[in-house]
Amino acid sequence: MGGGQKRGRTQRRHFKQNRDNVWKHNPKKTHTDGPTTDDPNRSWETFANQNPGFEEYYKEQGIVPEDEWEEFLSLLRKPLPAAFRINASSQFFPDILSQLGNDFMKSLEAEVNDEHEIEAIRPLPWYPGNLAWHLNFSRMQLRKNQALERFHEFLKQENEVGNITRQEAVSMVPPLFLDVLPNHCILDMCAAPGSKTFQLLEIIHQSTKPGLLPNGLIIANDVDVQRCNLLIHQTKRMCSANLIVTNHEAQHFPSCALTMDHMETFKGGQEELKANILQFDRVLCDVPCSGDGTLRKAPDIWRKWNAGMGNGIHRLQVEIAMRGIALLKVGGRMVYSTCSMNPVEDEAVVAEILRRSGGSVELVDVSSELPELIRRPGLKTWKVKDKGLWLTSYKDVPIHRRSVISPSMFPSNQSCRGSPVSCDGAQEEVEVLGTNTGKENITNLRMRDQDYKSKEHETHCGDSRNNKVQTDTGETAKKLEEVSSNKSPAAEELDGDSKVEFSTFPLERCMRILPHDQNSGAFFISVLQKLSHLHASDTKQSNNIRNKVSAAVGENHKDELKAEIKPSEDLHHQTVAEAASSAKLIGDQSKENSNTNNMCSKVRDSKEVVACGEGETGQVGKKNVKGKLQIQGKWRGVDPVVLFTDETTINSIRSFYGINECFALDGHLVTRNNDANHMKRIYYVSKSVHDILQLNFSVGQRLKITSLGLKIFERQKPKDDSSPCLFRLSSEGLPLLLPYISKQILYASFVDFQHLLQYRTVKFADFVDASFGEKASNLMSGCCVVVLNEGNQITDNIVADASTIAIVCWKGKTNVSILVSPLDAKELLERLAVRFGSERGTLLEENETNSEIDTIKNSEDAESTDDFEMADQEGL
């Protein structure tokens with residue numbers, strides 16, 4: 001072993017010793033006989049489910065009536081019951097629903113242990129189709145209670161294969177209010193970890209006829225690359241060709257629109273123009289938040305919580321929401337939601353959206369939707385707490401705190417744009433730990449205590465050109481007093497000088513779900529509809545915000561970054577301007593591309609790579625130059641998206657599997673490798689995804705795509721070159737492709753199908769049905785599909801559809817082996833036992849005594865080594 005490895009072990013040993021020393025005086029050990037009180041070093045305890053600051057804050061805000069306060073607080077201190085949702089597009093959906101109702105509901109009756117519940121498991125009454133289920137057990141109880149072991153294993157297994165999704169009940173609410181249709185283009189702005197994205201995929205696929213792809217698509221975005229990987233892992237269980245996963249800051253999500261010059265060549269009118277602008281019918285804006293609505297699931301928030309957490313993230317929430325509105329089509333619907341109860345993160349953000357939109361956006365009354373869901377109306381008035389001081393109006397904010405506390409946090413109709421203190425320019429003294437999107441995982445906020453009184457007072461103008469520090473604090477104070485002296489009609493005078501502000505917006509249309517209403521977590525939801533295009537001033541301000549983010553590109557591109565879209569009286573140009581409000585002038589696209597090589601030659605030390613000319617690469621000097629990189633279209637650490645157009649390979653695949661011409665392959669296949677000789681996987685994308693890709697290519701690949709489409713083919717070359725096709729079918733893509741395949745198909749009886757799943761490799765002579773073994777031996781070597789012949793039908797009469805049960809296999813020289821993961825094989829066996837158990841039980845018992853089955857069992861151990869060697873020789 002090399003010296004470097006030894007040093008590494010030594011370093012790790014020293015680190016471990018140091019770590020042990022750190023914990024010596026504060027050991028976190030499990031005491032078998034219980035904790036002793038005479039141990040002077042014992043300092044750990046269970047989470048203290050209380051926080052005086054939390055109680056004071058929400059009592060003052062009045063989110064809960066006084067007579068309900070104790071019940072509210074008592075339930076917050078109890079563990080959150082688990083919940084899950086059934087995937088209605090799964091082929092085993094009816095079986096799972098039946099198993100829950102007929103098996104688990106009865107077997108778990110004795111396990112009810114909560115005064116709030118009378119049933120161990122029950123469907124959520126407000127979720128359509130009984131697809132969502134509520135458990136009377138927390139996640140910890142599911143893991144620890146031996147009586148629940150079988151049910152826990154069921155949940156884990158079905159969740160892993162995608163038949164169910166374990167998700168907090170209130171987290172399922174926002175997608176339902178989006179009113180999604182299969183043809184909608186949907187943006188999930190802060191998507192990780194992906195349970196809501198999965199829910200949206202379920203909805204668009206559930207509403208589509210079996211065997212067909214929806215006309216819409218979903219773009220799931222998250223700011224953090226690692227969380228994007230979690231998002232991909234979550235959504236790949238859905239096996240959808242209508243999904244794109246991107247990695248961008250939500251508040252700076254890029255616009256994709258062709259240049260003005262290019263658009264002039266189109267003669268198709270408004271409809272064709274819209275096809276060249278990326279806008280969305282639905283936007284889910286589930287923003288990062290302080291997360292105090294998840295206290296029951298994450299009790300460590302009790303000790304971390306403080307009032308400044310919501311204040312610190314308010315501006316980011318506003319900017320993300322306004323970006324979502326800018327990307328929304330006229331007539332489209334956006335849902336703004338948080339898992340926080342704080343009105344500064346909830347109603348204050350919604351009110352600021354309405355203020356900035358100037359009548360272009362409406363807060364929708366959805367009280368008639370989901371009538372069985374218990375919800376509270378939004379607040380019309382609230383207060384802001386900063387550094388222990390309660391503030392009812394912006395004029396009460398101390399001068400030195402006005403760079404932190406903005407007017408938009410208060411209920412009055414005054415926007416932060418009317419103040420010298422800019423919401424878009426100020427940098428909050430908050431560090432966001434992690435990159436949670438404000439849902440299942442909690443965003444942790446760490447406040448930095450600084451003495452503002454010892455510093456110069458900084459004020460930032462709303463205009464991007466005025467971003468300097470004003471040293472004359474007297475002049476600043478005078479301006480601030482002039483702004484705050486404007487009397488709001490929504491203010492009531494109390495006790496002489498004190499005023500309580502009320503919002504004039506219909507914020508009662510917002511919804512707040514509280515834990516004690518239906519034994520759940522807490523959540524805030526509001527539904528917004530875009531009535532018309534945003535005003536030119538709103539579009540201009542959005543440009544200014546993103547210009548600041550991209551201002552560090554360099555002196556060579558300063559003029560380009562300052563360019564703004566001039567509003568046009570023409571509706572076509574107005575649509576373009578609004579959709580392209582991401583810090584670039586659409587018409588300067590060609591100019592920027594022409595300067596790319598010059599930039600690449602001048603700027604060296606880089607953290608990100610961009611495209612230079614035809615296939616060359618260059619580097620930029622700053623890490624925060626995302627606006628420029630989005631135009632150049634080369635993203636460091638992300639595989640390229642390449643449309644697969646190799647006619648020879650496509651024709652060989654179509655010929656080998658007998659794929660019907662009705663199933664379009666041309667224009668629907670993509671790879672993630674520029675080298676066709678080394679690509680391992682081919683992905684299938686829907687037409688809607690293909691159109692987005694073409695638009696993205698046209699604008700310089702502004703979208704940073706980390707994943708897309710459905711894996712449909714995988715390269716697998718046998719060592720003996722026995723198969724004429726280099727690509728095998730993928731299990732994920734089989735349900736989509738199966739109805740169109742006419743070759744390389746075998747129809748197995750229930751017993752033979754079961755044996756394949758159990759033993760994974762079966763020789764031709766060992767199949768119970770001799771004719772099946774003979775057909776398998778006559779099949780061309782390579783990948784094949786084995787379909788379950790459920791009713792012993794004549795194979796010529798079997799028509800494969802979405803309900804057909806089939807697996808991908810490999811036909812070797814002497815055997816058939818399945819190309820299915822052990823977990824999927826186990827789950828499928830159990831699904832078959834549930835569906836056919838009563839019908840096939842006797843048959844299976846008889847077959848267990850069959851001599852042919854005995855031969856398989858007796859020879860399994862002796863021949864296992866030979867089988868695996870043969871499988872390896874055949875490319876497995």
Side-chain angles (χ1 to χ4, degrees), residues 58-59 61-86 112 114-138 166-179 195-196 199 203 284 286 289 291-297 335-343 345-347 350 363-380 382 438-440 506-528:
Y58 282 113
K59 274 187 176 180
Q61 298 291 14
I63 66 167
V64 177
E66 188 174 350
D67 59 341
E68 299 179 22
W69 178 257
E70 291 302 324
E71 181 185 5
F72 164 74
L73 206 59
S74 172
L75 204 63
L76 269 182
R77 291 168 176 157
K78 294 184 178 180
L80 179 71
F84 66 90
R85 191 184 63 257
I86 305 173
V112 178
D114 192 330
E115 67 270 18
H116 295 278
E117 301 290 342
I118 59 175
E119 296 175 296
I121 62 172
R122 58 178 174 82
L124 291 171
W126 47 265
Y127 201 99
N130 286 345
L131 294 179
W133 288 68
H134 172 97
L135 312 182
N136 183 32
F137 320 103
S138 67
R166 301 173 72 176
Q167 182 182 2
E168 188 177 349
V170 290
S171 177
M172 305 177 193
V173 176
L176 296 180
F177 283 109
L178 274 177
D179 190 25
S195 55
K196 294 184 184 67
Q199 186 179 354
I203 294 173
L284 178 58
D286 193 38
C289 66
D292 56 24
T294 61
L295 279 165
R296 300 183 68 185
K297 185 172 66 174
V335 167
Y336 173 85
S337 61
T338 74
C339 56
S340 169
M341 297 178 283
N342 194 341
E345 303 177 64
D346 299 339
E347 285 90 349
V350 175
L363 186 58
V364 182
D365 182 4
V366 291
S367 56
S368 61
E369 300 180 24
L370 303 182
E372 294 183 294
L373 175 68
I374 303 174
R375 81 289 297 266
R376 309 286 180 105
L379 303 178
K380 298 283 286 186
W382 60 89
K439 307 167 296 275
E440 288 71 11
L507 297 180
E508 68 278 2
R509 296 179 180 178
C510 301
M511 296 166 282
R512 181 175 277 102
I513 299 175
L514 296 178
H516 62 294
D517 286 334
Q518 45 212 341
N519 195 14
S520 65
F523 227 80
F524 175 85
I525 306 109
S526 61
V527 182
L528 300 142

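Keep in mind that what you see is a predicted model, and the values were worked out from it rather than measured.
The two residues Val170 and Ala522 make their nearest non-hydrogen contact at CG2-O, 4.2 Å. Heavy atoms only, all atoms of each residue included: Arg509 and Val364 are closest at CB-O, 3.8 Å. The minimum heavy-atom distance linking Pro123 with Asn130 is given by the pair CB-OD1, 3.7 Å. Annotation for Ala132 and Met172: closest pair CB-SD, 3.6 Å, computed over non-hydrogen atoms. Of all non-hydrogen atoms in Arg296 and Ser520, the two that sit nearest each other are NH1-O, 2.9 Å. Closest approach of Pro125 to Glu372, counting heavy atoms only: O-OE1, 2.6 Å.
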Trace of the side-chain hydrogen bond (donor to acceptor under 3.5 Å, both in side chains) decision for Glu345 with Thr338
CA-CA 8 Å; Glu345 303 177 64; Thr338 74; 5.6 Å; no
task: Report the C-alpha distance between Lys380 and Glu347 in whole Å, list the side-chain angles of each, state the deciding distance to 0.1 Å, and finish with yes or no for side-chain contact (heavy atoms from CB on, under 4.5 Å).
output: CA-CA 8 Å; Lys380 298 283 286 186; Glu347 285 90 349; over 6 Å; no
For a side-chain contact (heavy atoms from CB on, under 4.5 Å) check, start with the C-alpha distance between Ile513 and Gln518, then their side-chain angles and the critical distance, and finish with the verdict. CA-CA 9 Å; Ile513 299 175; Gln518 45 212 341; 3.5 Å; yes
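Looking only at side-chain heavy atoms (C-beta outward), Met341 and Gln61 stay at 4.5 Å or farther from each other. Put simply, the side chain of Ile121 does not reach to within 4.5 Å of the side chain of His134, judged on heavy atoms. Under the 4.5 Å side-chain criterion, counting only non-hydrogen atoms from C-beta, Leu176 is not in contact with Glu369. Contact annotation: the side chain of Arg375 never approaches that of Trp126 to less than 4.5 Å [non-hydrogen atoms, C-beta and beyond]. Side-chain contact between Arg85 and Leu124 is absent, with no heavy-atom pair separated by less than 4.5 Å. Counting heavy atoms from C-beta on, the side chains of Phe177 and Ile525 come closer than 4.5 Å. Side-chain contact between Leu80 and Thr294 is absent, with no heavy atoms from C-beta onward closer than 4.5 Å. When side chains are defined from C-beta on, Leu135 counts as touching Phe84, because their heavy atoms get closer than 4.5 Å.
By the side-chain hydrogen bond (donor to acceptor under 3.5 Å, both in side chains) test, Ser74 pairs with no residue at all, sequence neighbours left out. For Asp365, the side-chain hydrogen bond (donor to acceptor under 3.5 Å, both in side chains) partners two or more places apart in sequence, or in a different chain, are Ser367.
In this structure, OG in Ser195 is found 12.5 Å from CZ in Arg166, a value given to the nearest 0.5 Å. Interatomic distance, Glu508 CD to Leu363 CG, rounded to the nearest 0.5 Å: 8.0 Å. Taking CZ of Arg122 as the reference point, atom CH2 of Trp133 lies at 10.5 Å (rounded to 0.5 Å). Atoms CG and CG, on Leu295 and Leu75 in that order, are 11.5 Å from each other to the nearest 0.5 Å. Once rounded to the nearest 0.5 Å, the distance linking CZ of Arg512 with CG of Leu379 reads 4.5 Å. Atom-to-atom distance recorded for Asp346:CG and Ile63:CD1 is 9.0 Å, nearest 0.5 angstrom.
The side chain to side chain contact (heavy atoms under 4.5 Å, CB included) test with Val335 is passed by exactly one of Leu178, Val366, Val173, Leu528: Leu178.
Between Tyr336 and Phe524, the ring planes lie perpendicular to each other; the angle is over 60°, past the 30° to 60° tilted range.
Side-chain atoms of Tyr58 come within 3.5 Å of backbone atoms of Asn342 as a donor-acceptor pair (strictly under, hydrogens ignored).
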